[in-house]
Amino acid sequence: MSEAATSGSLTSPLATGSAPSPTRRNWVPYALLLPGLLWLSVFFVLPMITLASQSLQEGNIDEGYVFTGNVGIYAEAFSRYWPHMARSLTYAALATVLALLLGYPLAYFIAQKAGRWKNIVLVLVIAPFFTSFLIRTLAWKTILSDNWVVTQWAQQLGITDALQAVGLTSTDSLLFSPFAVVMGLTYNFLPFMILPLYASLERLDPRLLEAAGDLYATPMQAFRRVTWPLSLPGVVAGTLLTFIPASGDFINARLLGNTQTTMIGSVIDSQFLRVLDYPLAAALSFVLLLIIVTLVALYVRKAGTEELL
């Protein structure tokens, strides 16, 4: 076989254009991103722009609203309803901490100890999502009612007295109190804490714990030096997925709380659907958004979890 024939046979795939061109490789990732970007533009960016414009309007429901650039509505919204915002953030923070305390051991058990029962336990964790959020919350009205065993035991054990001392209840009843609201938030958003924790803990290499034991680390030291640092991405993701929706929730406060436990989500709902003060409702939404984004940014920066950035 001649040298020319050999050379031609070696270069024939390139000559036929079988290799992708650099231009094609450059636009393929953007084409894959296009559906997601289009979805976000239509259902997130445009509504946010509309809401921002609505917050700067003036008028009433009868005569209509006109865009005037009234930025003073933001100061008014914060000054009038900052207690509701502070209450919402406090309840959300309590629910997040409680969900972390409950969810971390369960996620560790599923990831490291459940064995062949792992899938079954995971199904049990997400099973509540197959039931309506409203029905799950209404169920807590039965659980925490005065004639149910939970409240009776809490009264006998002095738990209700301790809750009154810290301000989570005002009477011997558990229902229609800050305690009931926090319990409802914790229960409804607990799976959002467990699943990210499970994902992080499942990747934990057991040999690292064995190595810590070989270096004479106690179980507590191994947890503090190995398990906890490696699970921080799941902790941060779980706390964000719990805290952010809990801050804007209003179903739990409405069904399980009282007039003294009204959260900012209930105020926004009332301003939009009952009072019909759309500019104030839109301004409250943006003030809450700004506060949450600021807190989340500070939290992620403090946690130093690079995987989430």
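Being a predicted model, the structure only gives us computed values, none of them experimental. The chain is numbered in sequence order, starting from 1.
- No side-chain N or O of N70 forms a donor-acceptor pair with one of T68 less than 3.5 Å apart.
- Pairing each heavy atom of N252 with each of D249, the nearest pair is ND2-OD2, 2.8 Å.
- Under a hydrophobic clustering in which Ile, Leu, Val, Met, Phe, Trp and Tyr are joined whenever their side-chain heavy atoms come within less than 4.5 Å, directly or via other members, V150 and L102 fall into the same cluster.
- Counting only N and O atoms by type, the side chains of D172 and Q164 include a donor and acceptor under 3.5 Å apart.
- Within the model, atoms CZ of F250 and NE2 of H84 stand 14.5 Å from one another, a figure rounded to the nearest 0.5 Å.
- Although no hydrogens or angles enter the test, the distance criterion places a donor-acceptor pair under 3.5 Å between the side chain of S88 and the main chain of I264.
- A cation-pi contact, defined as under 6.0 Å to the ring centre and within 45° of the axis, links R136 to F129.
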* Could you walk me through whether T137 and N188 pass the side-chain hydrogen bond (donor to acceptor under 3.5 Å, both in side chains) test, one step at a time? => CA-CA 8 Å; T137 306; N188 281 307; 3.3 Å; yes
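- Under a hydrophobic-cluster definition in which Ile, Leu, Val, Met, Phe, Trp and Tyr are linked whenever side-chain heavy atoms come within less than 4.5 Å, directly or via other members, L197 and Y187 are assigned to different clusters.
- Across Q57 and S53, no two heavy atoms sit closer than the pair CG-O, 3.3 Å.
- In summary, the side chains of Q112 and Y108 do not present any donor paired with an acceptor at a separation below 3.5 Å, with no hydrogens or angles considered.
- Distance check, rounded to the nearest 0.5 Å: CZ of R254 to CG of N258 gives 14.0 Å.
- In this structure, S145 contributes its side chain and T142 its backbone to a donor-acceptor pair below 3.5 Å.
- Y91 and F133 end up in the same hydrophobic cluster when Ile, Leu, Val, Met, Phe, Trp and Tyr side chains are linked at under 4.5 Å.
- You'll find the ring centres of W228 and Y104 inside the 6.0 Å limit.
- By the 30° and 60° cut-offs, the orientation of the rings of F286 relative to Y74 is perpendicular.
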